[in-house]
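Here is how names work: the chains are called A, B, and so on, in the same order as the sequence lines, proteins then strands, and each is numbered from 1. Side-chain atoms are counted along with the backbone in the values below, which use heavy atoms only and exclude waters and symmetry mates.
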There are 2 protein chains.
Amino acid sequence: MNTTTQTDTLKRVKQILENYLVDKKLRKTPERFALLEAIYTRDDHFDAETLYVEMKMKNYKVSRATVYNTLDILQECKLVIKHQFGSKLARYEKSFGYQQHDHLICVECNKILEFCDPRIRNIQSMVEDIYGFKIDSHSLNFYGTCSEDCAERQRRKER
Amino acid sequence: MNTTTQTDTLKRVKQILENYLVDKKLRKTPERFALLEAIYTRDDHFDAETLYVEMKMKNYKVSRATVYNTLDILQECKLVIKHQFGSKLARYEKSFGYQQHDHLICVECNKILEFCDPRIRNIQSMVEDIYGFKIDSHSLNFYGTCSEDCAERQRRKER
DNA sequence: ATCCCTGCAAAGGGTTTGCAGACGC
DNA sequence: GCGTCTGCAAACCCTTTGCAGGGAT
């Protein structure tokens, strides 16, 4: 994504947040927009603490409470997605302009790759039909090792 | 599953645990076998606390520490699978004699259904080839509502 | 007899909550 | 000015850990 597009994205997501806040009669606080910008400047699967520390480093003071509060709001307006990659530590990522995708997680070095596969949609509609569920979302994670090094490290642990 | 088969399963999983403990030079304590039996008598996706309380109710005293310790061991010998269904609270289920399956979770009433789909295997091998990962396991969860009642309750929340 | 395992309770890590003061409306 | 949002810290929940006594080998 080049700089122009990123600036453009930033404008659009800020607009979405603003609309959401107005609609829900919530306040347009500077903290919320600062956090949104920080999130849309990142390009990874971060946790709440990392975001909190990043703000601190930039000399933008926000409390942990505000970080969590804002992450909740951003999830509600679909600007952020929360993941639980098999541990209790929640991970987040921006979601505007991204096509829905799934994750491939290296259990050794924690590298996370993304992939898309249209077959999941098919599985979803089949499952909806069979069980009478209305499905809103899904998460598909593959866990494994990303390289021979990581595979070797894993084998060593299992002994 | 009829009673005969369940008794049979119980015998077999106890044997598996015993072999594992001997192999790893761990001790065959009564707590471990009692917990294994409790787990294989259940038929749901339970959390550690529920199991702990169940043992208490049956007047079989085990500590939380032992519950967690035993769940770890049972995971290692593949008799139990641990799930993280989008919350920090871990869920467990017995896994011997079960084919690998995935989950459908009602976000309103927390009902959990299971399903299998062979296409996931295909996606898995494709992803392995493309990204050079060696995949050990996966988790696919669909989140939605299980009935019109639950769907309605969800809509009411969103207002 | 060894020393791993247990029970207990305290500590731990991530997240949520309560409260008083700040500030968007 | 009203009422929500913030920062702070304490509380919270689930899980892990430390330790001393007990039981498997």
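Put simply, A/Arg32 has a side-chain N or O that comes within less than 4.0 Å of OP1 or OP2 on D/dT6. One finds no side-chain N or O of B/Ser63 lying less than 4.0 angstrom from the OP1 or OP2 phosphate oxygen of C/dC8. The side chain of B/Thr29 contributes an N or O atom lying less than 4.0 Å from OP1 or OP2 of C/dT6. Contact check, A/Thr66 against D/dC5: no side-chain N or O comes under 4.0 Å of OP1 or OP2. Regarding contacts with the backbone of D/dT6, a side-chain N or O of A/Asn69 is found under 4.0 angstrom from either OP1 or OP2. For D/dT15, the OP1/OP2 oxygens have a side-chain nitrogen or oxygen of B/Tyr68 closer than 4.0 Å.
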key: From CA spacing to verdict: side chain to side chain contact (heavy atoms under 4.5 Å, CB included), B/Ile39, B/Leu71   = CA-CA 10 Å; B/Ile39 291 167; B/Leu71 284 171; 3.9 Å; yes
task = Begin from the C-alpha positions of B/Glu18 and B/Arg32 and carry the test salt bridge (charged side-chain N to carboxylate O under 4.0 Å, His left out) through to its verdict.
result = CA-CA 10 Å; B/Glu18 183 163 342; B/Arg32 289 172 177 171; over 6 Å; no
key: Criterion side chain to side chain donor-acceptor pair (under 3.5 Å) on B/Asn69 and B/Glu31, from CA distance to verdict   = CA-CA 10 Å; B/Asn69 173 5; B/Glu31 289 84 358; over 6 Å; no
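Using a cutoff of 4.0 Å between basic side-chain nitrogens and carboxylate oxygens, B/Glu54 and B/Arg42 are scored as salt-bridged.
Taking the six-membered ring for Trp and thresholds of 30 and 60 degrees, B/His101 and B/His103 have ring planes more than 60 degrees apart, a perpendicular arrangement.
Contact annotation for B/Lys28: backbone-only contact, meaning every heavy-atom pair under 4.0 Å involves sugar-phosphate atoms and none involves a base. Using a 4.0 Å heavy-atom criterion, one finds that A/Glu49 contacts no nucleic acid atom at all. Among the heavy atoms of the strands lying under 4.0 Å from A/Lys61 are primed sugar atoms or P, OP1, OP2 only; no base atom is included.
Atom CG of A/Leu140 is separated from atom CZ of B/Phe142 by 8.0 Å, given to the nearest 0.5 angstrom.
Here D/dT6 presents its P atom at 11 Å from CZ of A/Phe33, a figure rounded to the nearest Å. Rounded to whole angstrom, the span from the CD atom of A/Glu31 across to the P atom of D/dT4 amounts to 17 Å. Rounded to an integer number of Å, the gap from B/Gln84 CD to C/dG14 P is 14 Å. Following rounding to the nearest Å, A/Met55 (CE) and D/dG7 (C1') show an atom-to-atom distance of 14 Å. Here C/dT16 presents its C1' atom at 10 Å from CG of A/Asp72, a figure rounded to the nearest Å. One can place CZ of A/Arg64 at 11 Å from P of C/dT15, the figure rounded to the nearest angstrom. Following rounding to the nearest Å, A/Arg27 (CZ) and C/dC23 (P) show an atom-to-atom distance of 12 Å. The CG-P distance, from B/Asp47 to D/dC13, rounds to 14 Å in whole Å.
Side-chain proximity of A/Ala65 to D/dC8, C/dG14, C/dG7: nearest is D/dC8.
Checked by atom type and distance alone, the side chain of A/Gln124 never pairs as donor or acceptor with a backbone atom of A/Ile120 at under 3.5 Å. Side-chain atoms of A/Tyr52 do not come within 3.5 Å of backbone N or O of A/Thr66 as any donor-acceptor pair.
With the end axes of the helix from C/dA1-D/dT25 to C/dC25-D/dG1 each set by five pairs, the angle from one to the other reads 30° at 10° resolution.
Each of B/Arg91 and B/Leu26 was matched to the nucleotide of DNA chain D holding its nearest heavy atom; the match closer to the 5' end belongs to B/Arg91. Residues B/Lys25 and B/Lys88 each lie close to DNA chain C; by heavy-atom proximity, the contact nearer the 5' end of the strand is made by B/Lys25.
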